[in-house]
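Each chain gets a letter, A, B and so on, in the order its sequence line appears, and its residues count up from 1.
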Protein chains: 2
Amino acid sequence: MGKQRPGSPTLEEVAARAGVGRGTVSRVINNAAGVKDSTRRTVQRAIAELGYVPNLAARSLAGRRADAVALAMTERDWRLFGEPFFSEIVRSVGDALADTSVQLLLTLVRTDAERKRFVEYARGGRVDGVLLMSVRAEDRLPDMLAEAGLPTVLLGRRSGDERVTYVDADNVGGARDAVEHLLRAGRRRIAAVTGPLDMYVTQCRLRGYREALAAAGVDPLPTLVVEGDFTEDSGRRATAELLERHPDLDAVFAASDTMAAGALGVLRAAGRRVPEDVAVIGFDDFTLARHTEPSLTTVRQPLEEIGRTMVRLLLEEFEQPEVAWRHVILRTRLVVRDSA
Amino acid sequence: MGKQRPGSPTLEEVAARAGVGRGTVSRVINNAAGVKDSTRRTVQRAIAELGYVPNLAARSLAGRRADAVALAMTERDWRLFGEPFFSEIVRSVGDALADTSVQLLLTLVRTDAERKRFVEYARGGRVDGVLLMSVRAEDRLPDMLAEAGLPTVLLGRRSGDERVTYVDADNVGGARDAVEHLLRAGRRRIAAVTGPLDMYVTQCRLRGYREALAAAGVDPLPTLVVEGDFTEDSGRRATAELLERHPDLDAVFAASDTMAAGALGVLRAAGRRVPEDVAVIGFDDFTLARHTEPSLTTVRQPLEEIGRTMVRLLLEEFEQPEVAWRHVILRTRLVVRDSA
DNA sequence: GTGAAAGCGCTAACAG
DNA sequence: CTGTTAGCGCTTTCAC
């Protein structure tokens, strides 16, 4: 099987060729200080001539780092992978790591078998740390990794008292802002299309929705809340159901902009005018920001910053292993685009 | 930095605890035959009690495999990552590897720095092989990997005489089928929205388009061909330009279904009736198959099978390193959904 | 069947 | 500044 090509030159051969000791070669390839310039040159020539490439397994074993971190998607439902939310996170994490020597490894953790394999991979020392996206409340993976001493950073938290480092947006406040905006516009029959109810992020956004209604003295009808799964399709289904239950609804708050896009389609197809007749507000801003009319309001979650912060926290975990965990909440922003 | 938790139990400690030699423990964790059942049990208990996890760096170093393969996206333009094409490929490759002990590692190779880092990673022996998606004609990455002795499989080829193992669809034949279908329906003014012209896949689909026109004796107007980049947005732009140049066009052949979706939107917005007034045919079948009306025809590229085949070829490379390269072309299928 | 010993290729600590 | 020396933790002969 494919280990490094047998007969691939080793550090020792480079040393022999350059007429120096192994330590010196090691210093050169690691850009360590304290090597005479001429020696360094000699070694570099030998490296080039031999086409030497360091064996990373040996390097890892000899101590030090794996020089790699994993960004794991723990999603049974693979459809989500294509969602802009994830590609944006991946992009921003990649950007944050671009100028380092750390290789970013995306992994899928869908089934139990994949989970087991990934844990062995990570605990086996092939990565220095792990970033986790979209973790469900009951998922023990973060704890398994963190307890094994692996620096671990979550995107979002699993519950109110998360004991693993995470970055999250102010979901309660963002959702409240959104619904208050609708209320200020005179809407009263406000529906909510939520994410999966077993995710803490969903619970937070739903809470924000309810808090806003309560503060305005609006009765919170349970039938105005429908669960989706963050996909556009679920946004469509949920909205269709809402229209059936409440033909008189005059606004929809969607807990993700992808679902908001689905909601929009259904509302239009049903002959409702947006936003005159019915208003839609979406959480997040990738899909809607690009594709739809300028009359839509969104609560923006700073994805770029989330990715960057995850990386920053991971690097901090490397440097300060004595900190048990850290939490960062990013502020959301209401972006009003009512055509009025 | 985050190597395996210092003080993490080693194989030697397990051996001591179980009262056996290191060799025996090694056999047990590798499920090798030739260990008495009772001994095996004893060792497994010791492993469980200590919470032992094998150090993968040591395992790699001691010979054998990395037990991991990389699936690299060499795309400067990150937008493509979210396209269904890629998520489908990733999913199918993941499925094909699901029952193995091989960890799938997705990597982004966008910039030169990332390319360098990835080559060092792969050549450093951290993976047993590499799968590459969407490689441009001038990209030397596949050669660098293959020459280093790394089993490498491409999705698509860079040119007519690719010297690295690949899986590809019959793009010429598929495109010809598509355009012939339009010709049979009586269309004559057939436009083509292509992918980037520096990609071989684009050249093939364009050739199929031209061959079909030539066979039917239709004049191939150069102005009927516009270059896109496989995104929906480029499909929109290209189609808008085509409508301006040729208000009389009566059919559009899009070199990807994502672009076809964009084309559809623009045609509709321009007041053209599809398919009565103008016909659209898309290559590939993910987006269109799901989201649009049943009156659309597509050339289906078997994505699921492509991913599976890539994995199969990679495993064959592991087992038969004496084969220089292998090529597999998968048949496409015309799926007619004209509402007529 | 099982234990002992010899590395895999590199880093890091220590002499010089 | 640079060479030498110990391992890192595992797999793999090779004896027993």
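Atom pair B:L61:CG and D:dT11:P shows a separation of 11 Å (rounding to whole Å applied). Remark: C1' of C:dG9 and CD1 of A:I47 are 14 Å apart, rounded to the nearest angstrom. Per the geometry, CD belonging to A:E12 stands 15 Å off P belonging to D:dA6, to the nearest Å. Separating the CG atom of A:L11 from the P atom of C:dC8 is a distance of 13 Å, rounded to the nearest angstrom. In this entry the distance linking CZ of B:R22 with P of D:dC8 reads 10 Å, nearest Å. If you measure from atom CG of B:D67 to atom P of D:dC10, you get 15 Å, rounded to the nearest angstrom. When the C1' atom of C:dC8 is taken as reference, atom CD of A:E13 falls 13 Å away, rounded to whole Å. In this structure, the CG atom of B:N31 is 12 Å from the P atom of D:dT11, given to the nearest Å.
Nearest to the side chain of B:R59, among D:dC10, D:dC8, C:dC10, sits D:dC10. Among the nucleotides C:dC8, D:dT11, C:dT11, the one closest to the side chain of B:I29 is D:dT11. Of the candidate nucleotides D:dG9, D:dG3, C:dC10, C:dC10 has the atom lying nearest to any side-chain atom of A:N55.
Within the structure, a side-chain polar atom (N or O) of A:T39 is placed less than 4.0 Å from OP1 or OP2 of D:dT2.
Between B:L106 and the options A:L105, A:L106, A:L71, a side chain to side chain contact (heavy atoms under 4.5 Å, CB included) holds for only A:L106.
Between atom CG of residue A:L104 and atom CZ of residue B:F118 there is a gap of 12.0 Å, rounded to the nearest 0.5 Å.
Place B:A57 and A:V35 on DNA chain D by their nearest nucleotides, and A:V35 ends up nearer the 5' end. Of the two residues contacting DNA chain C, namely B:R40 and A:A58, the nearest-nucleotide position lying further toward the 5' end is that of B:R40.
Between the side chain of B:E13 and the backbone N or O of B:T10, at least one donor-acceptor pair lies under 3.5 Å. Put simply, the side chain of B:R91 never gets that close to the backbone of B:G307: no donor and acceptor are under 3.5 Å apart.
When heavy atoms are screened at a 4.0 angstrom cut-off, B:V25 is found touching no nucleic acid atom at all. Here B:S26 lies in heavy-atom contact (under 4.0 Å) with a base.
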(message) Before you tell me yes or no, could you show the steps for A:T39 and A:V28 under side-chain contact (heavy atoms from CB on, under 4.5 Å), namely the whole-Å CA-CA distance, both residues' side-chain angles and the distance that decides it to 0.1 Å?
(response) CA-CA 9 Å; A:T39 319; A:V28 171; over 6 Å; no
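Contact annotation: side chain of A:R27 to base of D:dG3, donor-acceptor pair present below 3.5 Å.
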